[in-house]
Amino acid sequence: MSGTALKPDNTELAVDRTWLAHERTLMAWVRTAVSMISFGFTIYKFFQFEAGRTLPAARGVLTPREFALIMISIGLVALLMATTSHRKETRGLAQHLEGRRSMAEIVAALVGLFGIAALLSALFRS
């Protein structure tokens, strides 16, 4: 019996490498989105805490609350665009993937839910 029957062919290995590259790319975008969302929410909570200490409220063109909302929104938009791009790019690999599920997409969805909760929290609390 030959050992070559167990070895995957070059096409299969290339598809695996391409799939994993797409997964890594989406996970990098997820990390970036988490950073932006958490930074925005932290800024919001920090200045909310400071406002409770009777310090004068920040005024100007861009208040800390608006800055936080912008950062959270940018993180969510980046996550949505990255996930959409990931789906588009992996659609071409669908015939070779044999029912694989993207763990990166699942993580992106969970982070998106967290980001939406953070955005709503910052929006509806004064």
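Here the structure is a predicted model, which is why all the values come from computation and not from measurement.
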With a 3.5 Å cut-off and sequence neighbours excluded, list the donor-acceptor pairs that the side chains of residues 72-81 form with protein atoms.
residue : atom : partner : partner atom : Å
Ser73   : OG   : Leu69   : O            : 2.8

Do any side-chain atoms of residues 104-117 form donor-acceptor pairs under 3.5 angstrom with protein atoms, and if so which ones, sequence neighbours left out?
residue : atom : partner : partner atom : Å
Glu105  : OE1  : Arg87   : NE           : 3.1
Glu105  : OE1  : Arg87   : NH2          : 3.2
Glu105  : OE2  : His86   : ND1          : 2.9

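Contacts classified as salt bridge (charged side-chain N to carboxylate O under 4.0 Å, His left out) and involving residues 31-48 (residues at least two apart or in different chains) are not found.
Between the Arg65 side chain and the Tyr44 main chain, no donor and acceptor come within less than 3.5 Å of each other.
Here Thr18 pairs with His22, Leu93 under the side chain to side chain contact (heavy atoms under 4.5 Å, CB included) rule; sequence neighbours left out. Listed by chain and number, the residues in a side chain to side chain contact (heavy atoms under 4.5 Å, CB included) with Phe39 are Ile43, Phe67, Met71 (sequence neighbours excluded). Not counting sequence neighbours, the partners of Arg100 by the salt bridge (charged side-chain N to carboxylate O under 4.0 Å, His left out) test are Asp16.
One hydrophobic cluster, built from ILVMFWY side chains closer than 4.5 Å, holds both Phe41 and Leu123.
Annotation: side chain of Phe46 is not in contact with side chain of Pro64 (no heavy-atom distance under 4.5 Å). Using a 4.5 Å heavy-atom cutoff, the side chains of Trp19 and Ser102 are in contact.
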Audit row: Leu62, Ile70, side-chain contact (heavy atoms from CB on, under 4.5 Å) steps and yes/no: CA-CA 10 Å; Leu62 189 64; Ile70 290 169; 3.8 Å; yes
